[in-house]
Each structure stands twice: as structure tokens, then as C-alpha cells.
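Structure in C-alpha cells, see below.
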Amino acid sequence: MKRIKINRLLASDTSIDKVLVKGWVRTKRDSKEFSFMELNDGSCLKNIQIIADSQLENYSQIGVITTGSAIGVEGRLVESPGKGQKWEIHADSVEIINIAPEDYPLQKKRHSDEFLRTIAHLRARTNKYGAAFRIRSEMAFAIHKFYNEKGFRYLHTPIITGSDCEGAGEMFRVTSLEPDAVAKAGKMDFNQDFFAHEANLTVSGQLSAEMFALALGDVYTFGPTFRAENSNTSRHVAEFWMVEPEMAFCDLDGNMDHAEELVKYLTLHAVTNCSEDIAVFTDFVDKGLKKVLDTLIQQEYARISYDDAIDLLLKSKKEFEYKVESGKDLQSEHERFLAEEYFKKPVFLINYPEKIKPFYMRLNDDGRTVAAVDLLVPRIGELIGGSQREERLEMLEQRMDKMGLSKETYWWYLDSRRFGSVPHAGFGMGFERFLMLITGITNIRDVIPFPRTPGNIDF
RNA sequence: UCCCCAGUAGCUCAGUCGGCAGAGCAAGUGGCUGUUAACCACUAGGUCCGCGGUUCAAAUCCGUGCUGGGGAGCCA
């Protein structure tokens, strides 16, 4: 007999004479005549209640079943006379697949996130993390669905790159050289290395994506990204996933329109398709989340220039720990003030001083700012960072010279501005940060299965 | 990397002025019940994060290291 998943059973309209379910026991309540078990198979948040009565052949064995044990149950799906569930299964037979010993760490009580992080291999078996990772899966699918519907091409950019500098933080070195040999030589001899060149893990697929946007029109990447920054915060991990659309014939406004459409689409998809799992977070994790989600979906996001934002911050009379200063990057507290207190919704910040932004961003007509865009959201800060790209060869070369970047290294990038260059734009959205936003989870380590952070690569 | 806070039973935490190590939950045993974070009784459970110091006496005070959390920087 083929097993049926619990989410399908719970959605049943009628009782069913014979069903087979398999899963893990979340909790069990015994008496002499009955045993009630809550069975969860990960297909949905809810458990199905199993009633095993003393008539069962192996009823004596039922007694040894513990929280965390794996069992298979064949029986009848019937309406439950008890409160709290519509359906339950009256077991005809119970197969014990594996008994979890008494030292099973997950109890039928609330655990702290810190403790669950130490047992990351088991935490998906809890309601909260099960819900979080089902939502993560559904959101990954929704990203592909969104882009497929819009006619974007999905691009696989390299994980290993040879670019010395992509302008986005410290990189993880990739090498096949033996550490002993390197120590003996006193340096890394790249000529002897696998690629005969310095190699790193990617910090962004953007430059590659630009090449393909100028060929396929609209493309996006969605994959892992690596940053070797020694940053220890609730918003940073060394390995994370990023969505990076890149659009030909698109300017900064089009870029923002697209970003807003993406965030709205994904949030709406989560609310409609993961309502049960989302409810875990609106009900238990963050009482204000419902409002956040409504705002994300319904409100028009604010758009403001860097200069206006500085003015606004200066006029706010708000006491900041760090002084607001034109020409400098905004501090976290400034970003939070804008998104959380002033606008109370996502806000696009555009046209930053060229001095504090990377070489590839398009220089504005004022000659002082570039067509950069950050999307700031309440509680997270920067969710999206992007720009209209500099498509004019001379301007690009000037900016690279100014920043001391080697034009030889980027010869292929510059080529794209030589042959049929067109205005184009794109951005990167941190997938984990988006998940934090829609779940109210406050630590990024809790929205990725096995987080990598400085000094921690367990699991 | 910097600043702040914390570390006591499997988990969550209390522990007063330095004076015998505690509770709830979980676990084990027994009882009871169409139960549902079931309930009742009993039992067991400790390197008080490690190391060093002060003291007649340290979970408690001091130093140091480790681990975790919050914040900052960097960014997504």
C-alpha cells in the first residue's frame, strides 16, 4: 500500500477506509485502553492524531514509542469526536520503524532558538523551523515562477571566479595547492595552482549576469554567494543565497519598479500559499508581522534620493548616536529611522555619492552621484542593493581609473560596452533577509538550514 | 574586529549580604482518563562554562580564557 502524506489527508472531504501514513511521533498520551499519538511527516504544520487501541496485535509494543520515534500506521481516516482536529486515524496496525531513545533532545515544549541552533540537524522537526523551511522552499519556487512568468531567463553564473575584485568584501580563496607546499615556498604561486590564476568563491553573479542581459535581454541568477567578512551580526552569514535580476534597456526607475513588483509578488505568494505556516509567525513569533505583510503587499514603497534623505534626517530632530553627514554612508540607525519610523514601509534610497559606491554604477548628470538604489525595509535594513549600470565606455573607464582598477582584468566587461552597449540595470536581493522579513525571524542563522558564520561550520 | 550582556540539572530559569544546590518542564516508575503543551504520585538527575586568585568559607568577589546573545562596522 502506498503511503499518503498528512497534508492531503487533513484536506480530505470524506472519511477513508484504508490509509497508510508514515512519520515521526511528536507526542503521545497513553492509557490502558488507548494510546493517542500526534504524527507529523513534514508535509505540513499540523499533526494527525492516531488512536491505537488495546485490540491491536502489537499493543504492548506501542508503549515503547517515544517522542521522536518513526512509525507507520495503517488504518481508517474518520471524523474525530474530540476537540482540536477534524480528522484522526484509527489504527489497524502500527509499524515501529525506529524508536528514539530517551535522550532525544526535542521535547514537546518551547525551546530557545539558541539551543535549537546547537542541534541544527534536528531543529527542522519543530513547528517553527519546519514552517520556516517549508516557506523557504516555497519562496525559492516562487522566485522561479515570477521570473518565468515575466519571460526572464535563469542564468547559472560561476561559483568559482577569477576576478580579483568584485568590490563586495573579502573573498574565500579557492586553491588546489597543498598548504605544506605553500608554507615551504613562503607564498602562493598561482602559476602552479589549478587555474594558473588566483581564484575565489563568488561574491556576486552580477558582472556575468550583465553579459547575458546584453544577450538574452532579461536574466536572473539565484544561487549561493560567499563573503569572508568577519562580521558577526544577526543579518550576516558567510554563505547565503541571492537573487540577482539584470535587465537590458532598463533604467533606475525600471529597476525600482521591478524590485517592488518582486517583493510584492513573493510576499503575496507566501501569504496565499503558505498561510498555515505563516500563521505560526504572525501568531507566535511576531505579533506585528501581519501588519508588516499587509504593508509589503498593499503600500506603494517610498522613493527618495540620498540628498533628500540626508536633509530629512538632519531635520528629524532625532538624537542619533552617529552624526548624519552628507557624503558619507548612512548608519544602521539612520536607515532604521527612515524605514521604521519615518516612512513606516519599504523605502528606496537612490542617487548616492559616487565616492561611496562601486565602479560599475552609472554616473548621474550631476557628475557627483551615481544611479544606485538600496531598498531599506523595517527591522532588516538593506534588503536590496543595485543600480543602473554605467553603459558608456568612456565614463566606465574613467571611473575605473579613478578607483585604480585594472582595465586589463576587466577586458571582457569593457568589451560589452564596446559592442552594442545599452542602458541596463539590476540588483541583488538577499534571499535569507527576505525570509527574515516575511517571517519575523530576527536572526539570519535561523532561516538557512546550516548557517556558516565566522568560527562555525558545524553540520 | 570593537562595545555591552550572559553561561547553574536534558531544556527554561531562580539562587537575597559570600555561609548545606533549587523550581517548572522533560526523563524513569506506578496510577488514571476520548486524550490533545493531558492529569496525579513517586524516583533519579549537578565539573554551578574552563583555569588561576582572594577568603575560615565562592554559583556568588577579582583576573583570564572559551562559548553564546545583543549592538557597531561591512554588506545582501
Side-chain angles (χ1 to χ4, degrees), chain A residues 26-39 46-53 63-64 66-68 78 80-85 88 90 100-119 126-127 166-170 203-206 222 224-244 259 284 320-322 328-336 356-358 374-377 380-386 427-437 442-448 453-456 458:
Chain A
R26 284 290 178 82
T27 176
K28 183 159 76 92
R29 297 174 288 273
D30 287 323
S31 71
K32 270 189 199 124
E33 301 299 316
F34 293 107
S35 188
F36 294 93
M37 287 174 283
E38 299 280 341
L39 196 68
K46 285 203 176 80
N47 311 316
I48 194 153
Q49 176 163 276
I50 310 289
I51 295 91
D53 67 41
V64 306
T66 52
T67 296
V78 297
S80 175
K83 282 181 183 167
Q85 63 277 320
E88 62 185 24
H90 284 210
E102 65 196 55
D103 58 349
Y104 181 63
L106 291 172
Q107 302 163 9
K108 45 188 173 187
K109 60 166 262 188
R110 211 192 145 273
H111 289 289
S112 67
D113 293 324
E114 290 80 10
F115 170 67
L116 292 172
R117 234 168 267 153
T118 68
I119 50 167
T126 64
N127 285 341
E166 292 185 25
E170 294 294 310
V203 292
S204 165
Q206 179 201 318
F222 180 36
T225 307
F226 308 88
R227 304 275 166 91
E229 287 291 348
N230 186 18
S231 54
N232 210 319
T233 80
S234 56
R235 303 184 308 281
H236 292 85
V237 277
E239 177 182 312
F240 63 97
W241 282 59
M242 189 155 63
V243 189
E244 293 179 286
F284 301 114
F320 292 112
E321 197 180 328
Y322 293 89
K328 285 197 166 178
D329 228 338
L330 296 181
Q331 302 284 332
S332 281
E333 56 175 341
H334 306 149
E335 297 183 347
R336 251 183 285 121
I356 58 172
K357 288 293 180 185
D374 282 357
L375 178 62
L376 309 178
V377 297
I380 315 288
E382 188 177 344
L383 173 69
I384 283 172
F427 60 82
M429 181 178 81
F431 186 49
E432 284 77 16
R433 287 190 180 174
F434 175 74
L435 294 174
M436 292 169 74
L437 178 66
T442 52
N443 194 314
I444 197 167
R445 296 172 184 86
D446 297 336
V447 293
I448 189 164
T453 51
N456 188 356
D458 286 342

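All figures in this text were calculated on a predicted structure; none of them were measured in a lab. In what follows, chains carry the letters A, B, and so on, assigned in the order in which the sequence lines appear, proteins first and then strands, with residues in each chain numbered from 1. Only this structure's heavy atoms are used, side chains among them; waters, hydrogens and symmetry mates stay out.
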query: Base, sugar-phosphate, or nothing: which does A:R336 touch, judged by heavy atoms less than 4.0 Å apart?
result: sugar-phosphate

field: Pair partner, B:rA57 [Watson-Crick or wobble, under 3.5 Å]
entry: none

query: So what's B:rA37 paired with, Watson-Crick or G-U wobble, going by both distances under 3.5 Å?
result: none

message: Could you check whether any side-chain heavy atom of A:L376 comes within less than 4.5 Å of a side-chain heavy atom of A:H334, counting everything from C-beta outward?
response: no

query: Do A:H236 and B:rC75 share a donor-acceptor pair, side chain to base, under 3.5 Å?
result: yes

task: In whole angstrom, give me the gap between the P atoms of B:rC11 and B:rC49.
output: 13 Å

C1' gap between B:rG65 and B:rG10, integer Å: 27 Å

field: Donor-acceptor contact below 3.5 Å, side chain A:N456 vs main chain A:D458
entry: yes

Side-chain touch A:K28/A:T66, heavy atoms, less than 4.5 angstrom: no

- line: Between CG of A:D103 and C1' of B:rG28 the distance, given in whole Å, is 13 Å

query: How is A:S234 classified with respect to the nucleic acid when contacts are heavy atoms under 4.0 Å: base, sugar-phosphate, or nothing?
result: sugar-phosphate

Position toward the 5' end of RNA chain B (nearest nucleotide), A:H90 or A:E333: A:H90

message: When you measure from the side-chain N and O atoms of A:T66 to the phosphate of B:rA27, is any distance below 4.0 Å, counting only OP1 and OP2?
response: no

- line: The residue among A:V447, A:I444, A:D446 that forms side-chain contact (heavy atoms from CB on, under 4.5 Å) with A:L435 is A:V447

Non-hydrogen side-chain atoms of A:E229 and A:H236 separated by less than 4.5 Å: no

message: I'd like to know if the side chain of A:E38 reaches the main chain of A:N47, judged simply by a donor and an acceptor atom lying under 3.5 Å from each other, with no hydrogens or angles considered.
response: no

- prompt: Under 4.0 angstrom, heavy atoms only, what part of the nucleic acid is A:I384 near: base, sugar-phosphate, or nothing?
  reply: sugar-phosphate

- request: Grab the CG-C1' distance between A:N230 and B:rC3 for me, whole Å please.
  value: 15 Å

- prompt: Distance between the P atoms of B:rA58 and B:rC74, in whole angstroms?
  reply: 48 Å

query: With centres under 5.5 Å and planes under 30° as the test, does A:F240 stack with B:rA76?
result: yes

- request: Answer whether the closest heavy-atom distance between the side chains of A:Q206 and A:M242 falls below 4.5 Å.
  value: no

task: Using the P atom on both, measure B:rC61 against B:rU16 and round to a whole Å.
output: 9 Å

task: Under a 3.5 Å limit for both distances, which nucleotide forms a Watson-Crick or G-U wobble pair with B:rC74, could you say?
output: none

query: So what's B:rG18 paired with, Watson-Crick or G-U wobble, going by both distances under 3.5 Å?
result: none

query: CD of A:E229 versus P of B:rA72: gap in Å, rounded?
result: 16 Å

query: In whole angstroms, how far is the C1' atom of B:rC74 from the NZ atom of A:K328?
result: 15 Å

- prompt: Looking only at atom P, what distance separates B:rA38 and B:rC75, rounded to whole Å?
  reply: 49 Å

- prompt: What integer distance in Å separates A:K357:NZ from B:rC74:C1'?
  reply: 12 Å

- prompt: Under a 3.5 Å cut-off for both distances, is B:rU47 Watson-Crick or wobble paired, and to whom?
  reply: none

field: Watson-Crick or G-U wobble partner of B:rA23, both distances under 3.5 Å
entry: B:rU12

field: Phosphate OP1/OP2 of B:rU12 contacted by A:S112 side-chain N/O (<4.0 Å)
entry: yes

message: For a quick test of reading the model: is some side-chain N or O of A:S332 closer than 4.0 Å to OP1 or OP2 of B:rG71?
response: no

- prompt: Within the distance-only criterion (no hydrogens, no angle test), does the side chain of A:E432 pair as donor or acceptor with the backbone N or O of A:I448 below 3.5 angstrom?
  reply: no

field: Gap between atoms CZ and P, on A:R26 and B:rA26 respectively (whole Å)
entry: 17 Å

task: Would you indicate what A:V377 reaches in the nucleic acid, counting non-hydrogen atoms under 4.0 angstrom: base, sugar-phosphate, or nothing?
output: nothing

message: Checking the side chain of A:R26 only, and the main-chain atoms of A:K108 only, is there a donor and an acceptor separated by less than 3.5 Å?
response: no

- request: Determine yes or no for a side-chain-to-main-chain donor-acceptor pair under 3.5 angstrom, with A:R433 supplying the side chain and A:E382 the backbone.
  value: yes

field: A:R235 (side chain) and B:rA76 (base): donor-acceptor pair under 3.5 Å
entry: no

task: Could you say whether A:D374 or A:N443 is positioned toward the 5' end of RNA chain B, judged by the nucleotide with the nearest heavy atom to each?
output: A:N443

- line: Its contact letters, B for base, S for sugar-phosphate only and - for none at protein heavy atoms under 4.0 Å, make nucleotides 35-41 of chain B read BBBS---

message: Distance check, C1' atoms only: B:rU12 and B:rA6, in whole angstrom units.
response: 14 Å

message: Starting the side chain at C-beta, find the nucleotide from B:rU1, B:rA76, B:rG69 nearest to A:R445.
response: B:rG69

query: Rounded to whole angstrom units, what separation is found between the CG atom of A:N232 and the P atom of B:rA76?
result: 19 Å

Watson-Crick or G-U wobble mate for B:rU67, both contacts under 3.5 Å: B:rA6

task: Sticking with atom P, work out how far B:rC51 lies from B:rC42, rounded to a whole angstrom.
output: 37 Å

query: Over how many whole Å does the gap from A:E335 atom CD to B:rC74 atom C1' extend?
result: 11 Å

query: Ignoring hydrogens and angles, are the base of B:rG10 and the side chain of A:Q107 linked by a donor-acceptor pair under 3.5 Å?
result: yes

task: Using the C1' atom on both, measure B:rC3 against B:rG73 and round to a whole Å.
output: 12 Å

task: Classify the nucleic acid contact of A:F431 as base, sugar-phosphate or nothing, counting any heavy atom under 4.0 Å across all strands shown.
output: nothing

